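See structure below.
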Number of protein chains: 2
Amino acid sequence: MTSATDGQKKQRKPLLINAFDMACPGLQTPGLWKHPDDKSRDYNTIEYWTNLAKLLEKGKFNALFIPDVLGGYDVYEGPGNIAAAAKSGAQWPVNEPSAVISAMAAVTKNLSFAVTGATISEAPYHWVRRLATLDHLTKGRIGWNIVSGYLDSAARNLLNGEPLPDHDARYDRAQEYLEVVYQLFLSSWADDAVVLDKKRGIFSDPERIREINYQGEFFKVPGPNITEPTPQRLPVIVQAGSSSKGLKYAAQNAEAVFIVGMTPEGLGYKIKQLKEEVKKAGRDPNSVKVVQLVTVIVAPTHEEAVAKFKEYKELSDIEGAQALFGGWTGIDLAQYGWNDELDKLEGEGNAIRSMIDTWTKPFPGDPENLKKTRAYIADRVRIGGSGVVFIGTPEEVADEIEEWVDVSGVDGFNFTYTITPGSFEDLVELLIPELRRRGLAWDDYPKEGLTFRENIYGLDREEPTYLPSDHPAYNLRWRAGESRQEFEVKLKKTLEERFKKSK
Amino acid sequence: MTSATDGQKKQRKPLLINAFDMACPGLQTPGLWKHPDDKSRDYNTIEYWTNLAKLLEKGKFNALFIPDVLGGYDVYEGPGNIAAAAKSGAQWPVNEPSAVISAMAAVTKNLSFAVTGATISEAPYHWVRRLATLDHLTKGRIGWNIVSGYLDSAARNLLNGEPLPDHDARYDRAQEYLEVVYQLFLSSWADDAVVLDKKRGIFSDPERIREINYQGEFFKVPGPNITEPTPQRLPVIVQAGSSSKGLKYAAQNAEAVFIVGMTPEGLGYKIKQLKEEVKKAGRDPNSVKVVQLVTVIVAPTHEEAVAKFKEYKELSDIEGAQALFGGWTGIDLAQYGWNDELDKLEGEGNAIRSMIDTWTKPFPGDPENLKKTRAYIADRVRIGGSGVVFIGTPEEVADEIEEWVDVSGVDGFNFTYTITPGSFEDLVELLIPELRRRGLAWDDYPKEGLTFRENIYGLDREEPTYLPSDHPAYNLRWRAGESRQEFEVKLKKTLEERFKKSK
């Protein structure tokens, strides 16, 4: 891989360009609700979200990625202490992410929505109905960002006071959860089960609806699914988290993966690991797209961008930053002095392990002898949170993006905000036009009524709204015309083969 | 109570006028998706629901009441046989009811939404976040229709293959569930916890957010709640179901109750039972409003209305009707001959017991010697389902409504459809103007941005968006200005008193 500055311009393909926003104030840069132009406090209004959706569609964004947590960041000065997060408004409070999607879908035609759902939150049968409903209502513009849950504070409240299960056990359970989801979506109703035969009075054909009779270690779900086949048949499978179990899970299941690297080299290293796992899972490495978290501070001149950065940093909340870091890693920075080095820290049980690695182990591209102290971490996290920050003119930021793409091979970015919707307006007005000039952003959506999967993989495949044929769930689908008996033979074979592979 | 036909016209107060529609085809009158004007098949589109919401607001409806089931009606010719429901499209398939509320709220200002949530579906902490989010997004136009779940087919899929718990155990669990909901909404955040003090950098004051530390038999939920105080502080509590446990539960908790009587006298009898329980619970009987399910077939002339009725009945699906009846009561009509009487039937474990009573015991006002045969039941259910049917001119239907109001003391109606939105259009264009002339419907919403609670109780109370002061949860609210210590003393006292009462 070579840098974009070498010789002549490369042949570019459009990046995946997502906005990253959550139903809370202070997503990655806590404290900026104090900024006069920031509207993050309006997270609990419909207007905030419909205005954002219209803006993103104007900018031809691929998707709005909506992360979620179900508990507070209470590790810092804790455990069980919500004070810093509450005061600073660092992802606290948090509304339910999917509730506002129908309102956003009503004012857009092509923008997709990646909605987060944790596999510890609700029964898979229940979640499938919620997801399927959204895929219907948006006409196929839904992806599911699968998380296995990382906050003890969420688990305690969801699981009757029990703490979060062990990280690996969470992934085993998450894999079963996903199996149930696949089968309810794909194996319970045939594509042609809904008949609408007015003459014979048949709405749907019971012969083409079957129970899945799933019997696993964690879940027993007989079915049948209660929702009819959805526009995409299965929402796009998105996954966040890059622990080794997480990468394997993503390699086996995800169509898009949300990974965070602190340097292009570090990101490239993680992507390489992921793609090796994807190959092991028998899939084309190109079938799994990777996006990276970034906060962009862009202005017409370099000086204005730097001035903005300084202004935002001044207003950002360093206590809130440490609260966020505590939740992400399980590490309470309050127990350390400002200049203590954290290199030798071991991450704790239920944290996002990959994030601990990011912050405690030297990564390719890190400046040599960089000391990762509490002061360093708090200072970095207070602007841009767990991601990276690009600052400058549209050209400077686009150069940085090109470098990241060239060095890491990343497919796109989750762009988050410092102030909202101001940061997104800057992207639409300043950065995206520059990316477009370089071939890094498309001129327009390739058609009206684009589904999420078409958004990601393009229109050139045989079934552009459905899974690529190398996806492990591809053959779980009961197709039109396939008799129940034919399908059950196919299904049995598919499940046996997958069971062998997963051993 | 006297009939409206006696002497001069009475002083009337406006009824509660709700629409009753669910995210499925064939809600109460299965089979009419075959009618050329019926759009119930579009239940899975946003447009269907936003058009309906706009129509209802035009008609000055109080609320859209959205019932829900989480499984199929598989008792008829069963158990476990979905065939009749699937073929006829009788509440099958079913989407998630709350997903489309934000889109409807975006195109209305005053219409409220009663959304159904079953206490077996998800953790109370999770459901509270979903409900609170909706109360925020709609600016206080949300009610929660609490159901304890009645379909085994739903329970099996939600509860890892386990059957539905026993009816009474379900209510015990539901009472605890509601306790958790009350405390998360009312006792975790003070009214003034969200400070937004830009100078001191305080979004919310952690001293005014507390854990609830709920420890019950079924639920252990530490809290704190993850959402900030909502416009109504607590969504309106609505309850459906009128078994004796159900009535007691409603009397202790509900602000509006959805009861179904087959005659005005039968309904009046149930309302009397309910109001006695309400008094026992220490509440003003007027604090609990009652609505009845009705299907109206109205036309400018009597002949047209009867012709419509005949046309709809012809198209309705008698197999689907028996499938619905099976789900409601647990009784599989297929095991009986058409002319077998069902008077002596005992209802089965997990059914809606009150519904079995309705169909198997003689009620005040039933024609004498009426034989409740399979044929009679199937014929009644195929039009109007579990409710009653009023047919005629606007005047005739309004007369019938007046009679029901006078005889039973009912506060309003859940109007459901035969064809949708046609039935609702007929209400708006024909029936409601007649009700308005009689003082049975208001001329307009009393203000813009009406909350659900204002909708039900009017604007004349001291705190029109909050619970009436005789509601058992009234004092669970942490009020502005009340110190944490003061509140905790009050809370302890309130909980002790309520515990004593419930013994």
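Letters A, B, ... mirror the listed sequences (proteins, then strands); counts begin at 1. If you're wondering where the values come from, they're calculated on a predicted model, not measured in any experiment.
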Tell me, side chain or backbone of [X] under 4.5 Å from chain B's heavy atoms, or both, or neither?
| X | answer |
| --- | --- |
| A:Asn81 | neither |
| A:Lys199 | neither |
| A:Leu196 | both |
| A:Leu134 | side chain |
| A:Val194 | side chain |
| A:Pro124 | neither |
| A:Asn213 | neither |
| A:Ala83 | both |
| A:Phe218 | backbone |
| A:Glu47 | side chain |

[atom1]/[X] to [atom2]/[Y] distance, rounded to the nearest 0.5 angstrom?
| X | Y | atom1 | atom2 | answer |
| --- | --- | --- | --- | --- |
| B:Arg129 | A:Ser121 | CZ | OG | 7.0 Å |
| A:Asn157 | B:Ile212 | CG | CD1 | 7.5 Å |
| B:Lys87 | A:Glu207 | NZ | CD | 8.0 Å |
| A:Glu96 | B:Leu137 | CD | CG | 9.5 Å |
| A:Tyr125 | B:Asn160 | OH | CG | 13.5 Å |

Heavy-atom distance under 4.5 Å to chain A: side chain of [X], backbone, both or neither?
| X | answer |
| --- | --- |
| B:Trp127 | neither |
| B:Leu184 | neither |
| B:Ala105 | both |
| B:Asn44 | both |
| B:Glu228 | both |

Report task. Could you tell me which residues satisfy salt bridge (charged side-chain N to carboxylate O under 4.0 Å, His left out) with A:Glu311, sequence neighbours excluded, listed by chain and number? Result -> none

